[in-house]
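Here's the structure, in structure tokens; my notes come after.
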Amino acid sequence: MTTLDDRSATIEHLDRGPLTMDELAEVIARDIPEGSFVNLGIGQPTKIADHLPRDHHGSATVILHTENGMLGMGPAAHGDDVDADLTNAGKVPVTELPGASYFHQADSFAMMRGGHLDVCVLGAYQVAADGDLANWHTGRSDAIPAVGGAMDLAIGAKDVLVMMTLFGKDGSPKLVPTCTYPLTGVGCVSRVYTDHGVFEVGGPTVVVRETWGIGVAELRERLAVPLATR
Amino acid sequence: MARTAVLESTDEAVAGIEDGSTVLVGGFGLAGMPFDLVDALIRQGAKDLTIVSNNAGNGEVGLAALLKAGRVRKVVCSFPRQADSFVFDELYLSGRIELEVVPQGNLAERMRAAGAGIGAFYSPTAVGTPLAEGKEVREIDGRTYLLEYPIKGDYALISAYRADRLGNLVYRRTARNFGPVMAAAATTTIAQVGSVVPTGDLDPEAVVTPSIYIDRVVAVEARHYTVQGAR
């Protein structure tokens, strides 16, 4: 199913600190194959749009899907380009690119659920080694539950990528043996992109592809999931 | 004689909506929200309503104004909590409104099923999550699914760009969102449109919602809405 590339050996970048979120967005954008149909989740993943591969005319070579009903979404709209009838899933005004198309909600989620979308990048509270995703609810009893399209996206795309920091503000790892937050989807994530490293999940072991500012040995100490290298 | 009524006012358009009705309300945030029909529904006075919509209101306009007026018993939606959903938040946290959260794709498909005469369907969305609770689980061809039932409306209030006098509709950009799905899923569908053109003026190839789904049409003046209100 996957359209992502494979790489042979684990790379450790120990001569620098962890990635900024913009640098991480660039790393993810580089891994998205040309010609893909891609959905970028609300929040940090929207940054990826700025780094997507372009052809020699400067046109993006991937087609962005927004679940409120559009393929061929362009950059955020400013000034006179703002149109109340044209927003993204985060309700931010956006623009349309040549070749864009519009469709209703049932069609928008049918193309997702039906396995037509190649890649989706989501934020997360937690990802488990087996690919379970928690990104919609903190589990706090006084929180108002709101799921939007998160559960549909989690099980819809051929490859679900997560973009997040590896550690929470309190230092606790977000790549975990088992999610303690309420689940969004079961075994749905294929790859986790973080400021400290990129991990393949959902297989028999978690495989480290690349690290920044930290080595695999230290990651093994700080994460409670067994890590493999290649 | 067209079966669709082309009406002069939004008050006529929402006439007869009974207390306790289930009303599907189009829109994704502000885009495609049938503001004028919702305002007319507030004037009309129907109460104890169940509202099915993607969100639970923004600011104090549209759906939020209906909620603030105390007319809504229950909201069925995918994403109630937003930066500007303070009207809903207060009602919910003080226990004055019921909430059923439905994943956005299931929400759309459940309404599509209602409009298409499907008794129920199996969806892979939400398997293994708290929203699977109480739902029938079935494995089909190696994949796990949940049984989902249709959501049918007594009324649908939707917004479109343009109608002809038969009630054929075209939409504009992402304001289309739930309109076509809700139009088919309600017993009585009421559309507010930017303009009503003579029958024959819409390109039949471009019609998105065919007139068979539309019962009442009313043209409204184009207004620009923000969460602060209209101008």
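Values below: every heavy atom of this structure, side chains too, minus hydrogens, waters and symmetry copies. Quick note on labels: first sequence line is chain A, next is B, and so on, each numbered from 1.
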**OP:** Please report the closest heavy-atom contact between B:R176 and A:H104, naming both atoms and the distance.
**Re:** CD-N, 3.7 Å
Original post:
Just wondering, do B:R112 and A:Q105 contact through their side chains at under 4.5 Å, heavy atoms?
Top reply: no
Subject >> Point-to-point distance, once rounded to the nearest 0.5 Å, from CE of A:M151 to OG of B:S123 >> reply: 11.0 Å
Original post:
Do any of residues 130-137 of chain A come closer than 4.5 Å to chain B, heavy atom to heavy atom, and if so which ones, in number order?
Top reply: A:W136
**OP:** Please check if the side chain of B:T174 supplies one atom and the backbone of A:D85 the other of a donor-acceptor pair under 3.5 Å.
**Re:** yes
Subject >> Which atoms of B:L99 approach chain A - backbone, side chain, both or neither, heavy atom under 4.5 Å >> reply: side chain
Subject >> Toward chain B, the part of A:D107 with a non-hydrogen atom under 4.5 Å >> reply: neither
Original post:
Considering all heavy atoms of both residues, which atom of A:A106 and which atom of B:V181 are nearest to each other, and what is their separation?
Top reply: CB-CG2, 3.7 Å
Subject >> Side chain / backbone / both / neither for B:Y92 at chain A, heavy atoms under 4.5 Å >> reply: side chain
Original post:
Within the side chain of B:R81, is there an N or O that forms a donor-acceptor pair under 3.5 Å with the backbone of A:I144?
Top reply: yes
**OP:** Provide the closest heavy-atom pair for B:V127 versus A:V186 in the form atom of the first, atom of the second, distance.
**Re:** O-CG2, 3.5 Å
**OP:** Please determine, among B:P80, B:A31, B:A132, the option with the most heavy-atom pairs under 4.5 Å with chain A.
**Re:** B:P80
Original post:
Does any non-hydrogen side-chain atom of B:R172 lie less than 4.5 Å from one of A:L86?
Top reply: no
Original post:
Counting only heavy atoms not in B:I212, do more than 12 sit closer than 6.0 Å to its CD1 atom?
Top reply: no
Original post:
Is chain A contacted by the side chain of B:Y161, its backbone, both, or neither, given a heavy-atom distance below 4.5 Å?
Top reply: neither
**OP:** To the nearest 0.5 Å, tell me how far B:R173 CZ sits from A:N68 CG.
**Re:** 13.0 Å
Subject >> Euclidean distance, B:Q104 CD relative to A:D152 CG, rounded to 0.5 Å >> reply: 7.0 Å
**OP:** Count the heavy atoms belonging to other residues, nucleotides or ligands that lie under 6.0 Å from CG of B:D141, then report whether that count exceeds 12.
**Re:** no
Original post:
Is the closest side-chain heavy-atom distance between A:K91 and B:F28 below 4.5 Å?
Top reply: yes
Subject >> Residue selection (most heavy-atom pairs with chain A, distance under 4.5 Å) from B:V101, B:N106, B:N177 >> reply: B:N177
**OP:** Considering non-hydrogen atoms only, spot the tightest contact between A:G185 and B:T129 and give its length.
**Re:** N-CG2, 4.1 Å
Original post:
Pick from B:A108, B:A175, B:G105: which one has the most heavy-atom pairs with chain A under 4.5 Å?
Top reply: B:G105
Subject >> Side chain proximity check, B:L131 to A:P145, heavy atoms < 4.5 angstrom >> reply: no
**OP:** Give, as side chain, backbone, both or neither, the part of B:V102 having an atom under 4.5 angstrom from any heavy atom of chain A.
**Re:** backbone
**OP:** Could you have a look at A:V94, A:V147, A:L183 and say which one has the most heavy-atom pairs with chain B under 4.5 angstrom?
**Re:** A:V147
Original post:
Contact part of A:T87 toward chain B, heavy-atom cut-off under 4.5 Å: side chain, backbone, both or neither?
Top reply: both
Original post:
If you count heavy-atom pairs under 4.5 Å between each of B:G32, B:G29, B:A56, B:P130 and chain A, which one has the most?
Top reply: B:P130
Subject >> Over 12 foreign heavy atoms within 6.0 Å of CG, A:D80 >> reply: no
Subject >> Whether over 12 other heavy atoms sit under 6.0 Å from B:Y213 OH >> reply: no
